[in-house]
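I have a structure here, written as structure tokens, and I will follow up with some questions on it.
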Amino acid sequence: MIGFDRLITGASNIADDVDAMFFAMVALCGFVLLAVTVTLVLFSVRYRRGSKADRSGDHSRHLGAELTWTIVPGVLFIGIFAWSIGLFAKIQTMPKEATSIHVVAKQWMWKVQHADGRREVNQLHIPVGKPVRLTMTSQDVIHSFFVPAFRIKQDVLPNRYTQMWFKPERTGEFRLYCAEFCGTDHALMRGRIVVMEPAAYALWADAGGTDSLAHQGEALFRQLGCSGCHGPAATVHAPDLAGLYGKPVPLSDGSTVTADARYLRDSILLPSKQVAAGYPDIMPTFQNQIDEEDVIALTAYIQSLDPNPDPDPRQETVDAPR
Ligand code: CUA
């Protein structure tokens with residue numbers, strides 16, 4: 001059983017920053033509430049009907065007071081704004097060395113794919129002290145990946161990849177919740193993040209012993225017939241996929257896109273949406289034939305085809321096999 005402590009005590013690199021900002025805002029708002037309430041009560045008593053208070057209006061203007069109550073809150077709230085922008089940037093800036101993990105949400109479970117092929121449902125095992133980057137998508141409706149102890153929350157959307165990262169700083173089990181109402185069993189869409197010592201994690205990871213994500217993708221690539229057109233021996237005129245990942249792709253409409261995870265996903269599921277320049281629009285769609293996990297495996301395979309891999313061309317990446 002995960003205790004209350006596991007919910008409220010911060011356990012990630014940003015937890016203290018988020019807490020500091022949260023309590024500063026509570027304190028500031030509390031102070032404003034108190035100041036307004038006390039003034040309201042004092043004035044209500046002083047200017048009640050029949051009191052002998054001075055109502056002449058002679059002192060109704062006071063430049064010093066007006067400047068003070070304009071400038072002081074202005075500086076305070078702009079300060080909070082600057083602080084929150086800084087924290088937001090820290091939360092949004094993905095460290096390059098982060099381990100990439102994929103999450104597919106569906107009604108009503110969390111499915112996890114590690115780059116080495118291990119899969120988990122409603123669980124995520126990670127080593128302590130190492131940054132983790134989650135690339136997430138949904139197979140149906142909008143969900144939201146929320147780990148209170150890590151102070152992180154990110155919406156998970158259909159037809160789109162969203163990302164977030166964190167560095168766990170305490171070992172133990174932490175609760176994962178879905179924080180977006182997603183249907184009947186939304187409240188049951190929970191999981192746990194298991195943060196382990198590196199040695200224990202290595203043991204756990206070795207016990208998994210499956211095929212890497214890229215290898216699973218390669219098998220799918222053949223099974224689905226992709227290799228018939230995109231393979232080296234293919235006679236059909238289809239774009240060569242080796243070295244494609246992360247590179248600019250000229251399209252038939254004259255524009256150019258980067259071949260990132262999103263572009264590859266669209267090319268597999270909605271091939272007519274963005275057709276590479278110089279190629280006919282003949283690729284069949286694989287929508288409703290393969291699921292998001294298959295798309296991620298295929299993307300990992302295509303990324304692994306790069307002869308000279310660029311470490312991280314963009315944030316939207318899928319890891320090559322270990
Ligand atoms: Cu998924 Cu709420």
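Counting from 1, the numbers follow the sequence of the chain as shown. Both counts, for ligands and for their atoms, begin at 1 and track the order of listing. Computed from heavy atoms alone, side chains included, the values below leave out hydrogens, waters and symmetry copies.
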Quiz item: Angle subtended at atom 2 (Cu) of ligand 1 by O of Glu180 and SG of Cys182, to 10 degrees?
Solution: 110°
Exercise. Examine the side chains of His114 and Glu120 and answer whether a donor and an acceptor come within less than 3.5 Å of each other.
Key: yes
Quiz item: Between the side chains of Asp260 and Thr258, does any donor sit under 3.5 Å from an acceptor?
Solution: no
Quiz item: With side chains defined as the heavy atoms from C-beta onward, is the minimum distance between Leu224 and Asp294 less than 4.5 Å?
Solution: no
Exercise. Using a cut-off of strictly less than 2.8 Å, determine whether His143 has an N/O/S atom near atom 1 (Cu) of ligand 1.
Key: yes
Quiz item: At atom 2 (Cu) of ligand 1, what is the angle formed between atom SG of Cys178 and atom ND1 of His186, rounded to the nearest 10°?
Solution: 120°
Quiz item: Within less than 2.8 Å of atom 1 (Cu) of ligand 1, any N, O or S from Met189?
Solution: yes
Exercise. Answer yes if Val295 and Met109 sit in the same cluster of Ile, Leu, Val, Met, Phe, Trp and Tyr residues linked by side chain heavy atoms under 4.5 Å apart, and no otherwise.
Key: no
